[in-house]
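Each ligand, and each atom within it, is numbered from 1 in the order the structure gives.
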Amino acid sequence: MVKKNIDSEALYKEVARLMADRKQCVALTGAGVSAESGIPTFRSKGGLWEKYDPIEFASIEAFRKDPSKYWSLRGEFIKDYDRYQPNKAHLALAELEHVGIVRCVITQNIDGLHKKAGSKNVIEIHGNLMEIICLVCGKGYKAPHIPDGMPPHCSCGGILKPNTVLFGEELPVGVFMKAKEESASCRIMLLVGTSAIVQPAASLPYLAKQNGAKIIEINIEKAFPEADYFIIEKAGTALPRIVAEVNKFSHE
Ligand code: OAD
């Protein structure tokens with residue numbers, strides 16, 4: 001397998017041609033796809049886990065002991081939920097779905113930006129910060145409309161928890177099953193802005209590859225050495241370029 005390292009006109013053309021021919025493309029995205037929307041990643045320079053210990057701030061065990069820690073990490077985003085907007089990368093993925101090339105987006109992100117961008121078939125394997133649930137009565141709240149308080153409480157007095165997967169929690173079975181099915185049956189996997197190291201999401205590109213899919217990585221640095229193509233570029237630059245190339249084919 002020849003690995004493509006060059007960021008060149010030829011690389012974009014080849015990748016776009018492959019996508020237009022094969023279709024059945026699934027995108028697996030991570031924090032890097034939202035970086036250009038002003039949302040920090042976890043492990044890049046200046047990422048969240050440089051400042052916060054993930055086990056102390058984002059594990060289910062820590063949440064049970066002191067929910068205000070997770071709320072101190074996420075509360076501001078939840079209150080500002082409407083302020084964060086999709087960037088060119090999210091919009092390009094939505095466009096690729098619209099033209100019948102991307103079949104589904106599997107995202108580890110909890111910011112809801114793929115849906116805001118117009119992607120229809122989105123599997124949010126780590127949940128979504130928009131949904132807040134009372135751990136006692138199950139009442140649901142929607143960001144940014146949540147009660148004040150640190151941590152916020154439900155009208156019944158119960159603690160509220162964003163409907164996201166914390167470290168130490170299992171992914172919802174049906175949701176991950178769907179992500180596995182999509183990965184095993186796609187013909188191309190676009191791996192966008194993820195360090196691809198957190199399980200079980202990190203197993204999905206291997207599953208795709210084992211079943212014959214080509215892997216196209218878009219990242220500012222190589223994270224998945226087994227990819228067939230590397231586009232070392234910001235997602236908000238690379239994905240619109242791919243859309244432009246794909247559109248040229250449809251006008252040929
Ligand atoms: P990471 O922070 O681990 O990785 C972000 C990736 O995005 C890195 O590989 C960067 O090189 C890349 N990147 C940064 N800016 C980019 C840009 N503008 N365009 C393209 N790529 C860019 O984030 P994730 O892989 O999403 O889980 O992390 C996976 C999981 O770890 C998260 O869902 C979260 C975290 O702990 C939980 O909280 C359960």
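When hydrogens are left out, the protein atom nearest atom 22 (C) of ligand 1 is Gly32 CA, 3.5 Å; that is the closest non-hydrogen contact. Residue, atom and distance of the protein heavy atom nearest to atom 32 (C) of ligand 1 are Phe42 CE1, 3.4 Å. Nearest protein heavy-atom neighbour of atom 28 (O) of ligand 1: Arg43 NH1, 3.2 Å. In terms of protein heavy atoms, atom 11 (O) of ligand 1 is closest to Asn219 OD1, 2.7 Å. Shortest contact from atom 30 (C) of ligand 1 to any protein heavy atom: Val198 CG2, 3.7 Å. Looking only at heavy atoms of the protein, atom 1 (P) of ligand 1 is closest to Ser195 OG, 3.6 Å. What sits closest to atom 21 (N) of ligand 1 on the protein, heavy atoms only, is Gly193 CA, 3.5 Å. Closest to atom 26 (O) of ligand 1 among all protein heavy atoms lies Ala31 N, 2.8 Å.
With a 4.0 Å cut-off on non-hydrogen atoms, Ile110 does not touch ligand 1 at all. Of the heavy atoms in Ile220, both backbone and side-chain atoms come closer than 4.0 Å to ligand 1.
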query = Between Thr164 and Arg74, is a side chain to side chain donor-acceptor pair (under 3.5 Å) present by the stated rule, with each step listed?
reply = CA-CA 11 Å; Thr164 53; Arg74 294 303 191 189; over 6 Å; no

query = salt bridge (Lys or Arg N to Asp or Glu O under 4.0 Å) between Lys79 and Glu76: does it pass, once the steps are laid out?
reply = CA-CA 5 Å; Lys79 286 197 172 130; Glu76 218 164 291; over 6 Å; no

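Ligand 1 places these atoms under 4.0 Å from at least one heavy atom of Gly30: 26 (O). The atoms of ligand 1 that sit less than 4.0 Å from any heavy atom of Lys234 are 18 (N), 19 (N). The contact set between ligand 1 and Ser44, taken as ligand atoms under 4.0 Å from a residue heavy atom, comprises 8 (C), 10 (C), 14 (C). The ligand atoms of ligand 1 that sit less than 4.0 angstrom from a heavy atom of Val165 are 39 (C). If you number the atoms of ligand 1 from 1 as listed, the ones under 4.0 Å from a heavy atom of Trp49 come out as 35 (C), 36 (O). Applying the 4.0 Å criterion to heavy atoms of Phe167 picks out, from ligand 1, the atoms 36 (O), 37 (C), 38 (O).
Checked against a 3.5 angstrom limit, the closest N/O atoms of Thr194 and ligand 1 fall inside it. Checked by distance only, ligand 1 and His126 come closer than 3.5 Å through their nitrogen or oxygen atoms. Polar contact with ligand 1: present for Ala235 (N/O pair, distance under 3.5 Å). Considering backbone and side-chain N/O atoms, Ala35 never comes within less than 3.5 Å of an N/O atom of ligand 1.
The pair Asp228-Lys209 meets the salt-bridge criterion, since a charged nitrogen lies less than 4.0 angstrom from a carboxylate oxygen. One finds no salt bridge joining Arg241 and Glu233 here, because no Lys/Arg side-chain nitrogen approaches an Asp/Glu carboxylate oxygen to under 4.0 Å. One finds a salt bridge joining Lys178 and Glu182 here, because a Lys/Arg side-chain nitrogen approaches an Asp/Glu carboxylate oxygen to under 4.0 Å.
Judged by the 6.0 Å distance and 45° axis criteria, Lys69 is not positioned over the aromatic ring of Tyr52.
Note: Phe42 and Trp49 have tilted aromatic rings, judged against thresholds of 30 and 60 degrees for the angle between ring planes.
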Determine all donor-acceptor pairs shorter than 3.5 Å in which one atom belongs to a side chain in residues 90-98; sequence neighbours excluded.
unit_1, atom_1, unit_2, atom_2, d
His90, ND1, Asn87, N, 3.0
His90, NE2, Ser34, OG, 3.2
Glu97, OE1, Lys120, N, 3.0
Glu97, OE2, Lys120, N, 3.2
Glu97, OE2, Asn121, N, 3.2

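Looking only at side-chain heavy atoms (C-beta outward), Asp21 and Phe249 stay at 4.5 Å or farther from each other. Taking the side chain as every heavy atom from C-beta outward, Cys186 and Asn211 never approach each other to under 4.5 Å. Two residues are said to be in side-chain contact when any heavy atoms from C-beta on lie closer than 4.5 Å; Asn219 and Phe230 fail this criterion.
Between the CG atom of Leu204 and the CD1 atom of Ile106 there is a distance of 5.5 Å, given to the nearest 0.5 Å.
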